[in-house]
Amino acid sequence: MFRDIPTVLTSEELIDKMFRRAKKVEVAYSKNRLLMERNLSIAKIYTARDVAVSTLQKYIDSFPYVYKLHPFYRTLIDLLVDINFYKKSLSSLKWASGRIDLFASKYASKIKGAGKVEEILKFRKEFYGRAASIIKDIGPQLKYLNEARNIMRKIPDVDVSEPTVVIAGYPNVGKSALVERLSSAKPEIAPYPFTTKGIVVGHLDVKGRRIQIIDTPGLLDRPLKKRNSIEKQGILALKYLAELIIFVLDPSETCGYSLQEQKHLLSEIKRDFKTTILVVENKSDMVKTNSENIKVSAISGEGIRELVDAIVEHF
Ligand SMILES: Nc1nc2c(ncn2[C@@H]2O[C@H](COP(=O)(O)OP(=O)(O)O)[C@@H](O)[C@H]2O)c(=O)[nH]1
Ligand SMILES: [Mg+2]
């Protein structure tokens with residue numbers, strides 16, 4: 001998703017790149033020194049301008065316009081990078097690019113009117129000075145955008161257009177086993193900035209449709225009151241993604257949590273999420289209750305077809 005955002009150069013690096021390229025510019029030899037210096041200086045100025053304008057434009061184009069993003073991504077970016085500064089930084093790049101373009105035209109026309117070689121060289125130097133100082137002015141913004149880029153690259157690649165199921169439940173109830181059982185291919189781990197474990201993304205292919213299944217280790221597996229605020233917000237971002245939550249209970253209690261504790265977490269998630277919650281009792285090969293919940297065994301495969309039907313019915 002955000003993997004294509006390029007590294008953002010520092011102001012020093014960008015200035016260096018501009019002048020290095022300008023230095024290499026050559027023009028056809030002419031006996032008329034004035035004419036030759038004029039052509040050369042204008043060509044150098046335009047080259048430096050082109051490097052600056054195209055580099056800055058590349059940055060402007062590759063950072064996403066936050067308000068066009070899916071709310072899941074928008075929420076994450078809002079948490080991870082300061083959106084206000086993000087927007088301001090991109091507009092200052094636009095500003096800088098426009099200023100350099102303007103000065104390039106201005107100095108090119110001054111050079112066209114110059115009658116002496118010294119004058120031409122003075123104008124060229126003046127343009128270089130101005131262009132460099134404009135780039136220096138946006139130094140903090142360039143630096144910030146590069147940091148934002150490094151953070152944004154860690155945002156997981158999930159398909160926000162696919163119908164999505166998020167799995168919740170205490171550790172060891174069998175969430176991973178269930179995602180694996182439901183997925184047609186091996187689920188992939190995507191980094192998620194709010195947990196060291198990453199989220200697990202699998203896909204259920206059924207009746208010509210594809211449903212994304214996300215397991216969130218470390219997120220929806222313990223009471224919310226034990227969370228710090230950043231974790232809570234990371235969990236909230238999931239709200240925008242989850243169209244259905246499968247809450248996994250382990251009535252065998254071999255997970256190490258009593259059924260009562262597990263149901264308590266369920267009621268908490270019910271309270272916090274407005275999403276439909278499908279309650280599933282796993283490990284039916286060990287224990288079966290007489291509740292109304294769907295009963296499955298991720299290990300033996302028992303009840304899985306019924307679960308798939310219930311998922312499909314929801315979408
Ligand atoms: N008997 C039995 N064991 C299961 C079942 N599903 C998961 N397990 C076991 O429970 C443990 C925890 O499973 P895991 O999928 O890692 O749970 P998670 O922490 O919720 O992701 C593992 O040892 C699994 O083999 C099941 O349906 N039946
Ligand atoms: Mg797991």
Side-chain angles (χ1 to χ4, degrees), residues 154 156-158 164-206 211-227 231-232 234-235 237-239 241-270 272-273 275-311:
K154 298 201 184 102
D157 244 327
V158 299
T164 300
V165 179
V166 169
I167 312 275
Y170 264 109
N172 296 316
V173 296
K175 299 182 298 297
S176 300
L178 200 57
V179 170
E180 205 153 318
R181 170 63 77 168
L182 291 168
S183 299
S184 38
K186 196 173 162 47
E188 284 184 27
I189 298 175
Y192 195 68
F194 304 96
T195 149
T196 51
K197 294 165 196 157
I199 59 176
V200 183
V201 185
H203 300 274
L204 164 65
D205 291 301
V206 59
I211 296 166
Q212 186 166 241
I213 302 181
I214 297 183
D215 179 17
T216 59
L219 285 177
L220 295 173
D221 60 3
R222 53 196 164 102
L224 283 167
K225 64 173 185 297
K226 294 190 179 158
R227 306 313 187 120
E231 277 178 324
K232 275 187 188 148
I235 291 167
L238 290 172
K239 269 191 189 172
L241 205 58
E243 286 154 87
L244 175 67
I245 292 176
I246 292 183
F247 191 92
V248 184
L249 290 172
D250 171 8
S252 80
E253 300 184 344
T254 52
C255 61
Y257 302 90
S258 71
L259 197 52
Q260 196 193 340
E261 274 176 284
Q262 297 180 53
K263 285 183 175 164
H264 189 260
L265 178 60
L266 169 61
S267 61
E268 204 180 66
I269 289 182
K270 265 186 187 155
D272 249 62
F273 282 71
T275 322
T276 308
I277 299 181
L278 190 62
V279 182
V280 172
E281 291 178 19
N282 189 35
K283 308 194 187 177
S284 66
D285 53 305
M286 294 168 82
V287 174
K288 265 199 194 104
T289 69
N290 52 12
S291 73
E292 297 282 289
N293 299 326
I294 296 176
K295 290 164 194 67
V296 302
S297 167
I299 298 296
S300 76
E302 184 187 347
I304 295 295
R305 187 174 299 168
E306 197 192 339
L307 175 58
V308 169
D309 287 344
I311 294 171

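Numbers for residues simply follow the sequence, beginning at 1. First listed ligand is number 1; within each ligand, the first listed atom is number 1.
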Discussion item. Heavy-atom distances under 4.0 Å decide this one: backbone, side chain, both or neither, for D285 against ligand 1?
Written reply: side chain

Discussion item. Closer than 4.0 Å to some heavy atom of S297 - which atoms of ligand 1 meet that?
Written reply: 26 (C), 27 (O), 28 (N)

Worksheet item: Is V165 close to L182 at the side-chain level, that is, under 4.5 Å between some pair of heavy atoms?
Response: no

Discussion item. Given 3.5 Å as the limit, does a donor-acceptor pair link the side chain of D250 with the main chain of C255, or not?
Written reply: yes

Fill in: Presence of N, O or S from S176 under 2.8 Å of the Mg ion (ligand 2)
yes

Practice prompt. Please indicate whether any nitrogen or oxygen in A298 is less than 3.5 Å from any nitrogen or oxygen in ligand 1.
Written response: yes

Worksheet item: P171: heavy atom below 4.0 Å from ligand 1, yes or no?
Response: yes

Discussion item. Under 4.0 Å from a heavy atom of A177: which atoms of ligand 1 are those, numbered in the order shown and with their elements?
Written reply: 6 (N), 7 (C), 15 (O)

Item to complete: Do me a favour and list the nearest non-hydrogen protein atom to atom 26 (C) of ligand 1 with residue, atom name and distance?
Response: I299 CG1, 3.2 Å

Discussion item. Show the atoms of ligand 1 that are less than 4.0 angstrom away from any heavy atom in S176.
Written reply: 15 (O), 18 (P), 21 (O)

Discussion item. Can you report which non-hydrogen protein atom sits closest to atom 10 (O) of ligand 1, along with the distance?
Written reply: K283 NZ, 3.4 Å

Fill in: Any donor-acceptor pair under 3.5 Å from Q212 side chain to V201 backbone
no

Response to the item:
Between G202 and S183, the two heavy atoms sitting closest are CA-OG, 3.4 Å

Worksheet entry | Protein residue, atom and distance nearest to atom 13 (O) of ligand 1, heavy-atom basis | G174 CA, 3.6 Å

Worksheet item: Does ligand 1 have a heavy atom under 4.0 Å from the side chain of K175, from its backbone, from both, or from neither?
Response: both

Worksheet item: Under 3.5 Å, side chain of N282 to main-chain N/O of V173, donor-acceptor pair present?
Response: yes

Discussion item. With the threshold set strictly below 4.0 angstrom, can you tell me whether any protein non-hydrogen atom sits that near atom 4 (C) of ligand 1?
Written reply: yes

Item to complete: Using a distance threshold of 4.0 Å (strictly less than), state whether atom 17 (O) of ligand 1 has a protein heavy-atom neighbour.
Response: yes

Fill in: Considering all heavy atoms, the nearest Y257-Q262 contact
O-NE2, 3.0 Å

Item to complete: Kindly indicate, with the supporting measurements, whether the criterion side-chain contact (heavy atoms from CB on, under 4.5 Å) is fulfilled by I213 and I167.
Response: CA-CA 7 Å; I213 302 181; I167 312 275; 3.8 Å; yes

Fill in: Sub-4.5 Å side-chain heavy-atom contact between F273 and V166
no

Discussion item. Taking N293's backbone N and O only, do any of them form a donor-acceptor pair with K295's side chain (distance below 3.5 Å, no angle check)?
Written reply: yes

Item to complete: Using a strict cut-off of 4.0 Å, indicate which atoms of ligand 1 neighbour a heavy atom of N172.
Response: 10 (O), 12 (C), 17 (O), 18 (P), 19 (O), 20 (O)

Discussion item. For a 4.5 angstrom cut-off between non-hydrogen side-chain atoms, does I246 reach I311?
Written reply: yes

Worksheet item: Hey, is ligand 1 close enough to M286 that some N/O pair sits below 3.5 Å?
Response: no

Worksheet item: Applying a 4.0 Å heavy-atom criterion (strictly less than), which segment of N282 is in contact with ligand 1: side chain, backbone, both, or neither?
Response: side chain

